[in-house]
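Read the structure below first, then the notes.
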2 protein chains.
Amino acid sequence: MPKVGMEPVRRRALIDAAISTIGERGGLDVTMSQIAGRAGVSSALAHHYFGAKDDLLQATMRHLLAELASEAREALKTARTARDRVSAVIAVSFSASQFQPETVGAWLAFYVEAQKSPAMRRLLRVYARRLHSDLMSGLRHLLAAEDAIVAAEGIAALIDGLYIRRALKEDTPDTVSAVRLVEDYLETKLQSRGT
Amino acid sequence: MPKVGMEPVRRRALIDAAISTIGERGGLDVTMSQIAGRAGVSSALAHHYFGAKDDLLQATMRHLLAELASEAREALKTARTARDRVSAVIAVSFSASQFQPETVGAWLAFYVEAQKSPAMRRLLRVYARRLHSDLMSGLRHLLAAEDAIVAAEGIAALIDGLYIRRALKEDTPDTVSAVRLVEDYLETKLQSRGT
DNA sequence: TATTTTTTATTGACTAGTCAATCAACAAAA
DNA sequence: TTTTGTTGATTGACTAGTCAATAAAAAATA
């Protein structure tokens with residue numbers, strides 16, 4: 001029952017299906033048929049809209065990044081103080097939508113893929129840089145220049161590390177304790193100011 | 001030119017080849033032929049000694065874990081104070097042999113695989129538990145019980161996070177700065193004692 | 001010691017299965 | 001009648017795993 005104007009609907013459905021398929025099966029070695037099937041279409045249609053499998057995967061990664069960026073922008077908008085800005089960035093990283101095991105699984109899979117694919121690596125670098133600058137936008141006002149950079153790197157590494165642990169499920173660090181751990185790090189950093 | 005007593009030699013060569021192939025290509029989707037070829041034998045021989053591909057991969061992971069464990073044991077032996085113990089664990093995680101991009105790439109690939117494979121997940125849990133207990137063996141004497149646990153979790157997450165960043169190469173955190181970052185975290189934790 | 005037999009090492013060729021990508025064909029809307 | 005949406009069938013490439021065959025070393029036997 002072909003209706004016109006399906007393209008955006010199908011694209012979105014395929015990307016969503018790609019995320020959950022990758023997250024569920026844990027890895028990028030998912031087949032076009034699995035993804036297409038979950039989106040309720042044939043694999044031929046997936047190729048029709050995205051060309052090669054790689055293109056669909058890249059579009060998926062881009063979608064993940066865009067979603068995270070948009071959440072971060074939103075959260076930063078309402079943060080009043082510098083301290084709030086840092087907490088906002090941390091909170092977004094572990095927000096319900098981002099910290100879902102499926103999503104985390106997909107993120108991790110893309111991290112691995114980035115080792116092979118320069119295109120993916122570029123995308124991830126964009127994310128890393130934005131995270132850094134978002135963190136610095138608050139930390140800059142709270143710590144001396146050098147300390148702020150170290151703190152930003154530390155927080156970023158902590159976030160990535162907690163993501164990995166989340167992806168492994170079982171004895172999963174939940175959202176709350178993950179946030180607490182990072183906030184605790186930040187707090188000790190702020191307290192040792194000037195030492 | 002068949003000589004007798006080749007089994008251990010081949011096994012080791014195949015495992016080494018697996019590590020570098022996985023690390024170089026970034027992912028577990030390497031073929032038996034690639035691994036065997038790098039080890040200088042036919043793919044049939046790899047199957048002869050390891051059975052299925054999965055078995056070779058598991059043996060490889062086990063080898064990685066065993067090597068890390070042995071290095072850690074060695075380092076802890078010479079640590080005199082509690083503080084030294086913690087530093088020793090950190091140092092081992094970023095030692096030259098462990099922090100090689102190839103090795104790190106392989107580690108990351110196994111992390112992803114662990115999402116699918118319960119066997120791999122079990123192995124990784126062994127690693128996580130040992131890391132935790134090694135850290136606690138020092139931290140226990142330096143911090144209050146609760147704080148020690150938080151610090152151990154934080155250090156572990158930092159290590160994993162820095163590994164990920166290392167795997168992505170380019171703007172790589174080198175060994176020295178990675179150690180410094182973790183040590184700095186530990187230091188601030190210790191200083192805020194009793195706060 | 002000379003020989004046969006067994007064990008160990010090794011591979012090329014093959015099988016069976018999977019999957020990305022293509023394409024011709026069909027259906028509904030414009 | 002042209003455009004848009006859609007799929008089943010097919011192709012071509014690749015790969016895990018098997019197997020029969022070969023050859024050297026070691027063990028057993030004469």
Side-chain angles (χ1 to χ4, degrees), chain A residues 1-61 106 109-110 112-113 116-117 119-120, chain B residues 1-61 106 109-110 112-113 116-117 119-120:
Chain A
M1 345 58 197
K3 259 183 268 181
V4 128
M6 281 285 94
E7 177 153 0
V9 178
R10 296 304 191 200
R11 288 190 103 94
R12 180 58 198 265
L14 283 165
I15 286 177
D16 285 347
I19 294 174
S20 42
T21 307
I22 291 167
E24 185 178 289
R25 310 215 2 137
L28 290 197
D29 56 343
V30 294
T31 71
M32 286 299 259
S33 297
Q34 288 167 345
I35 297 174
R38 186 179 282 242
V41 298
S42 74
S43 70
L45 196 68
H47 275 106
H48 174 64
Y49 283 126
F50 285 95
K53 181 183 174 183
D54 228 47
D55 298 323
L56 169 55
L57 258 24
Q58 268 186 48
T60 303
M61 165 102 244
F110 280 117
V112 170
E113 183 67 12
K116 307 175 223 182
S117 157
M120 294 283 185
Chain B
M1 345 56 203
K3 259 182 268 177
V4 126
M6 283 283 96
E7 176 154 2
V9 178
R10 296 305 192 199
R11 288 190 102 93
R12 180 58 198 266
L14 283 164
I15 287 178
D16 284 347
I19 294 174
S20 44
T21 307
I22 291 167
E24 185 177 290
R25 310 213 4 135
L28 290 195
D29 56 344
V30 294
T31 70
M32 286 298 260
S33 297
Q34 288 168 346
I35 296 174
R38 184 179 283 242
V41 297
S42 73
S43 70
L45 196 68
H47 275 106
H48 173 65
Y49 283 125
F50 284 97
K53 181 182 175 182
D54 228 47
D55 298 323
L56 169 55
L57 259 23
Q58 270 187 45
T60 303
M61 166 102 243
F110 281 116
V112 169
E113 184 67 12
K116 305 175 224 181
S117 156
M120 294 283 185

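Naming convention: chains lettered A, B, ... in sequence-line order (proteins, then strands); numbering from 1 in each chain. Basis for what follows: all heavy atoms, side chains included, without hydrogens, waters or symmetry-related copies.
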Practice task
For A:Arg38, check salt bridge (Lys or Arg N to Asp or Glu O under 4.0 Å) against everything at least two apart and list the hits.
Solution key: A:Glu24
Problem - Atom pair distance, as rounded to whole Å: CZ in A:Arg10 and C1' in D:dT6 - result: 8 Å
Practice task
Under 4.0 Å between any heavy atoms, over every strand shown, what does B:Tyr49 touch: base, sugar-phosphate, or nothing? Just pick one.
Solution key: sugar-phosphate
Fill in the blank from the handout: From the candidates D:dT6, C:dT10, C:dA30, the one with an atom nearest any side-chain atom of A:Val4 is C:dA30
Practice task
Take the protein atom NE2 of A:His48 and the nucleotide atom P of C:dC26, then report the distance between them rounded to whole Å.
Solution key: 18 Å
Completion exercise
So the salt bridge (Lys or Arg N to Asp or Glu O under 4.0 Å) pairs with at least one residue in residues 41-53 of chain B (sequence neighbours excluded) are none
Handout entry: A:Arg11/A:Asp16 salt bridge by N-O under 4.0 Å criterion
Key = no
Fill in the blank from the handout: Residues passing the side-chain hydrogen bond (donor to acceptor under 3.5 Å, both in side chains) test with B:Asp55, sequence neighbours excluded, are none
Exercise for the section: Could you pull out all residues at least two apart from A:Asp54 that satisfy side-chain hydrogen bond (donor to acceptor under 3.5 Å, both in side chains)? Expected result: none
Completion exercise
Once base and sugar-phosphate atoms are separated, protein heavy atoms under 4.0 Å mark nucleotides 13-19 of chain D, 5' to 3', with B, S and - as --SSBBB
Handout entry: With B:Arg25 via side-chain hydrogen bond (donor to acceptor under 3.5 Å, both in side chains) - residues at least two apart
Key = none
Handout entry: Protein-nucleotide distance (B:Phe50, atom CZ; C:dT10, atom C1'), rounded to Å
Key = 16 Å
Problem - Interatomic distance, B:Asp29 CG vs C:dA20 C1' [rounded to whole Å] - result: 15 Å
Exercise for the section: Round to the nearest Å and state the distance from B:Glu7 atom CD to C:dT7 atom P. Expected result: 16 Å
Exercise for the section: To the nearest Å, give me how far apart CG (B:Leu45) and P (C:dT10) are. Expected result: 5 Å
